[in-house]
Amino acid sequence: MRVTRARLSTASSNYCSASDNDSDKNCDSPGQVMDSKRKRTDSETVPVPASTPVIRHRDRAVEDITTLLMCHVPFIFITGPANSGKSYCLDHIVKSEQDNLNIVLVDMRDVLKVQGFFYSVLSNLPRDTTTSRDTTTPRDTPIPDHTSDFVRLLCSRVSEPCVIIVKHAQLLNELNSLLFATVTVLHQLSQGKVSVVMVSDTPWELIHLSTGSTLSPPVILNIPPYSRLQTVDIIAMHLLEEYSVLCSEIDFGLAELENYVRSCVYDSLSVYTSSLREMMTAASALLLKYVAPIQLQELKKSDKIKLFHRIQPELVTTMTQLSCVPSFKTSLELPYNLRILLICSFLASHNPARLDKRFFCKGKSSRRKVKSRKGSKLSDALKGPKTFPLDRLLAIHSSITQDGTIPCSDILMSVSSLVALNLVVRASADLLEQPKYKCVAPLSTISILAKESGIDFETFYYNY
């Protein structure tokens with residue numbers, strides 16, 4: 001794990017407690033760079049409380065985070081790719097250090113408004129940190145309307161140092177960039193009583209560029225993803241602890257479990273998901289099926305290919321059930337008018353404009369046959385959806401629904417709804433020109449919508 005320190009202000013120079021002389025050697029001075037890859041001597045070892053859990057292949061990360069929390073660092077930013085164990089490390093630290101640290105945990109996935117963030121912080125403050133005169137319960141917690149009122153109320157209610165941990169901090173930046181910048185300087189605003197820890201998959205550099213240069217510089221902890229060997233080792237140890245009796249009966253040791261996880265689980269599922277929890281669940285579910293022939297003495301442990309063929313159907317089923325497998329929704333919950341308009345948009349994007357009279361005119365029209373060039377149909381099909389003007393969409397809609405006049409305002413509102421749902425894309429950027437659109441919905445979705453709406457889609461669709 002790589003730990004770097006950004007440029008620190010003079011106000012954040014006293015990280016360590018003045019009562020501990022040794023802690024001044026352990027905590028970095030402003031501008032110093034912490035590197036977790038360097039070897040520490042006995043004199044440099046930071047004393048970590050015995051209650052801190054040791055997580056497999058994340059013990060150094062837990063140690064560094066705990067040390068920074070004990071030193072009351074003003075602002076810590078933990079980043080790394082998804083499924084790298086950031087939240088897992090913090091959850092263990094919160095459980096183990098709840099007696100030593102006053103921690104407020106906020107998950108931004110559960111917050112929809114700014115007032116929701118205010119309430120999550122103020123209502124979850126530990127009772128030890130509030131002043132003795134504060135007798136409000138979480139239900140009676142007042143919700144401020146502005147950021148300044150939130151900071152003033154927070155500073156008045158906190159009497160002891162506490163740590164605010166914000167998970168998925170990039171969502172807070174998207175919600176309100178001014179609030180995000182204020183949270184980064186809560187340590188200075190609260191006179192050293194509040195420290196902030198932010199966890200995000202987005203690197204700090206990108207957030208800093210999108211927000212501005214007025215943010216307080218953090219201590220950045222970069223946690224790398226689990227490697228292949230680390231993932232296999234963690235899952236194998238989990239299986240050995242969970243099925244210890246079964247493994248001892250058939251003499252299935254750690255080496256056999258690692259080979260099973262590596263060849264049957266990781267190599268097959270790593271293409272679809274990088275989540276350690278999902279792989280661990282799949283490995284536990286498939287292990288009983290894998291060792292069943294060994295228990296019945298039908299196969300031996302060395303028959304790895306035959307054992308793999310036994311679990312192959314269940315493995316394919318597991319692949320389709322993973323949350324990270326890209327699955328396209330074939331049916332949409334849309335009103336009837338939006339369904340018809342989406343079908344018309346698809347036809348306007350994929351049918352050639354020269355064939356509109358052929359597909360949408362009621363009477364027979366005389367047309368002469370034109371010899372198409374070789375490969376023209378294939379090239380048209382490979383071009384994808386094409387743009388269409390709004391008046392052509394109205395004409396196709398009138399032909400399919402057999403309506404005389406359609407309120408233009410309703411059509412515009414419906415098209416705007418489809419654009420907001422990312423089913424139709426506006427292609428023209430100039431607001432003064434006539435708007436042109438493009439339908440990006442897949443053919444499978446349109447076919448099912450047409451069938452549910454009672455429209456003979458094959459009659460109007462030009463199949464290349």
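Heads up: numbering here begins at 1 and tracks the sequence.
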Centroid-centroid distance, H350 to F346, less than 6.0 Å: yes
F77 and L221, any side-chain heavy atoms less than 4.5 Å apart: no
Approximate separation, where rounding is to 0.5 Å, of D107 CG and L171 CG: 8.5 Å
Backbone of Y462 reached by a side-chain donor or acceptor of N351 within 3.5 Å: yes
Backbone of M280 reached by a side-chain donor or acceptor of S284 within 3.5 Å: yes
Close side-chain approach of M279 and S270, heavy atoms under 4.5 Å: yes
Side chain to side chain, L101 and V94, heavy atoms closer than 4.5 Å: no
Residue pair L393 / V415, side-chain heavy-atom distance below 4.5 Å: yes
S268 side chain vs V265 backbone, donor-acceptor pair below 3.5 Å: no
Mutual orientation of the aromatic rings belonging to Y88 and H92 [parallel < 30°, tilted 30-60°, perpendicular > 60°]: perpendicular
L449/E452 under side-chain contact (heavy atoms from CB on, under 4.5 Å): CA gap, chis, key distance, verdict: CA-CA 5 Å; L449 289 178; E452 293 176 352; 4.1 Å; yes
For the student: nearest non-hydrogen atoms of F118 and P144, plus distance: CD1-O, 3.4 Å
Salt-bridge contact K193-E160 (side-chain N to carboxylate O under 4.0 Å): no
Backbone of A169 reached by a side-chain donor or acceptor of S200 within 3.5 Å: no
Under 3.5 Å donor-acceptor, Y260 side chain and L287 backbone: yes
From OH (Y461) to CD1 (I343), nearest 0.5 Å: 13.5 Å
Verdict with reasoning, V106 to I165, per side-chain contact (heavy atoms from CB on, under 4.5 Å): CA-CA 6 Å; V106 179; I165 299 178; over 6 Å; no
Distance-minimising heavy-atom pair for V111 and S120: CG2-OG, 4.1 Å
Whether S156 side chain and R152 backbone form a donor-acceptor pair below 3.5 Å: yes
Test log, rule side-chain contact (heavy atoms from CB on, under 4.5 Å), inputs T182 and F150: CA-CA 10 Å; T182 305; F150 163 71; 6.0 Å; no
Donor-acceptor contact below 3.5 Å, side chain T66 vs main chain V62: yes
Sub-4.5 Å side-chain heavy-atom contact between V196 and V185: no
Value rounded to 0.5 Å, distance of CD in E242 from CD1 in I235: 12.0 Å
All side-chain hydrogen bond (donor to acceptor under 3.5 Å, both in side chains) counterparts of E258, not counting sequence neighbours: none
Heavy-atom pair of closest approach, residues N222 and G80: OD1-CA, 4.0 Å
Heavy-atom side-chain contact between L240 and S244 under 4.5 Å: no
Over all atoms of both residues, closest heavy-atom pair of D201 and Q170: N-OE1, 3.8 Å
Side chain K86, main chain P81, donor-acceptor under 3.5 Å: yes
Contacts of type side-chain hydrogen bond (donor to acceptor under 3.5 Å, both in side chains), residue D267, not counting sequence neighbours: R228
Closest non-hydrogen atom pair, F117 against M108: CD1-SD, 3.8 Å
Distance-minimising heavy-atom pair for V424 and V440: N-CG2, 4.4 Å
Distance, nearest 0.5 Å, that separates NE2 of H72 from SG of C162: 10.0 Å
Check against side-chain hydrogen bond (donor to acceptor under 3.5 Å, both in side chains), E97 and N100: CA-CA 5 Å; E97 300 297 334; N100 302 325; 2.7 Å; yes
L154 side chain near L125 side chain, heavy-atom distance below 4.5 Å: yes
Any donor-acceptor N/O pair, S345 side chain to C439 backbone, under 3.5 Å: no
Criterion salt bridge (charged side-chain N to carboxylate O under 4.0 Å, His left out) on K167 and D91, from CA distance to verdict: CA-CA 11 Å; K167 291 185 178 181; D91 291 340; 2.7 Å; yes
Ring-face cation of R58 near Y226 (centre distance under 6.0 Å, axis angle within 45°): yes
Spatial distance of atom CD1 (I103) from atom OG (S195) [nearest 0.5 Å]: 10.5 Å
Inter-residue atom distance S84.OG - Q230.CD, 0.5 Å rounding: 11.0 Å
Heavy-atom side-chain contact between L229 and D233 under 4.5 Å: no
Stepwise side-chain contact (heavy atoms from CB on, under 4.5 Å) check, H187 with V194: CA-CA 5 Å; H187 188 270; V194 179; 5.9 Å; no
